[in-house]
Amino acid sequence: MEWIGELERSFATNLYPLRLPIAIGLLLAFVGLVLVARRRGWFAAARRHPARATTLVVLLLAIGIPTGWYLGSPLFIRTSLVEADPGATPAATAPSVGAAPSNPIAPNVTPAPAVAATPVVPLARERSGTFAGADDFHFGKGTARLIETVPGTWVVRFEKFSVRNGPNLYVYLSPDPDGYGDGVVELGALKATDGAFNYEVPAGTDAAAIRSVVVWCKQFSVLFAHAQLSAAS
């Protein structure tokens, strides 16, 4: 089915920027076709042979409606999902103002000098990048974060994300900074077109080799959006 993807990429690159004049041209062509059909008596012929005309219309609808729905419905269907941030840490609970100490010091005892607390350095590492669409038609925006939640365990988080919907969209980790390429790691189907959500990275994945997060149409091999990640530290 890659040939359909080639047609779709050609449409997105060459025709979509000219969508308004093309729409006007198609409307004028349809009106012209109706006028030609009336002048040549096609409508009268259809009325004389209703069974043939009905069969042809039903056949066209049986093929066109499912195909059109599968290819076109993602253009206006949107979904949204918000999941908790796996990289967020709960804030420490501050002591109540005016609360008595649990172990008060006697008045005649000199308290020891306070020792400055050593700051805690988090173990988690993180890399991030900004999503960009493949072209004007395949828009994409938001942030991709590759987060090490515990040593050796990684999660990909989409934040403030939005992308053009499409059939059979999947998420991949790619060693290619420019998007889908050899050696990609599949994370699963795209959970939503908008929002903030997470994907667990399969165990054993070399996080240092990941250069981008990719949204890819698996059915027709079309890039929708990708985020190039910052360099590994």
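Around NZ of K141, the count of heavy atoms belonging to other residues, nucleotides or ligands within 6.0 Å does not exceed 12. Remark: E200 CD is loosely packed, at most 12 non-hydrogen atoms of other residues, nucleotides or ligands lying under 6.0 Å away.
The six-membered or imidazole ring of F131 lies near that of F158, with a centre-to-centre distance under 6.0 Å. Here W216 and Y180 bring their ring centres to under 6.0 angstrom of each other.
Inter-residue side-chain proximity for P202 and L187 is flagged as met; some heavy-atom pair is nearer than 4.5 Å. Put simply, the side chain of V201 does not reach to within 4.5 Å of the side chain of V155, judged on heavy atoms. W154 has its side chain within reach of R125: a pair of non-hydrogen atoms, C-beta onward, lies under 4.5 Å apart. Residues V184 and Y170 are not in side-chain contact: their nearest non-hydrogen atoms beyond the backbone lie 4.5 Å or more apart.
The minimum heavy-atom distance linking T193 with N165 is given by the pair CG2-CG, 3.5 Å. Of all non-hydrogen atoms in S174 and G181, the two that sit nearest each other are OG-N, 3.7 Å. Nearest heavy atom pair, residue L146 against residue A207, reads CD2-O, 4.1 Å. Closest approach of S212 to P177, counting heavy atoms only: CB-O, 3.8 Å. The minimum heavy-atom distance linking G129 with L229 is given by the pair N-CD2, 3.9 Å. What you find for F224 and R164 is that their closest heavy atoms are CD2-O, 3.3 Å.
Counting only distance, with no hydrogens or angles, the side chain of Y199 and the backbone of E186 share no donor-acceptor pair below 3.5 Å. Between the side chain of R211 and the backbone N or O of D176 there is no donor-acceptor pair closer than 3.5 Å.
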For this session: Could you walk me through whether V213 and V171 pass side-chain contact (heavy atoms from CB on, under 4.5 Å), step by step?
Result: CA-CA 7 Å; V213 180; V171 177; 4.2 Å; yes

Exercise. side-chain contact (heavy atoms from CB on, under 4.5 Å) between L223 and H138: does it pass, once the steps are laid out?
Worked result: CA-CA 8 Å; L223 175 66; H138 302 101; over 6 Å; no

Exercise. Yes or no on salt bridge (Lys or Arg N to Asp or Glu O under 4.0 Å) for D85 and R145, after CA distance, side-chain angles and deciding distance?
Worked result: CA-CA 10 Å; D85 183 352; R145 297 167 58 200; 3.0 Å; yes

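Electrostatic pairing of D194 and R78 counts as a salt bridge here, judged by a charged N lying under 4.0 Å from a carboxylate O. With respect to the salt-bridge test (charged N to carboxylate O, under 4.0 angstrom), the residues E83 and R157 do not qualify.
With hydrophobic clusters built from ILVMFWY side chains whose heavy atoms lie under 4.5 angstrom apart, F139 does not share a cluster with L169.
For the side-chain contact (heavy atoms from CB on, under 4.5 Å) test with V185, the passing option among L173, V156, I210 is L173; the others fail.
Summarising the geometry, atom OG1 belonging to T149 is positioned 11.5 Å from atom CD belonging to E126; distances are rounded to the nearest 0.5 Å. To the nearest 0.5 Å, the span separating CZ on F197 from NZ on K191 amounts to 7.5 Å.
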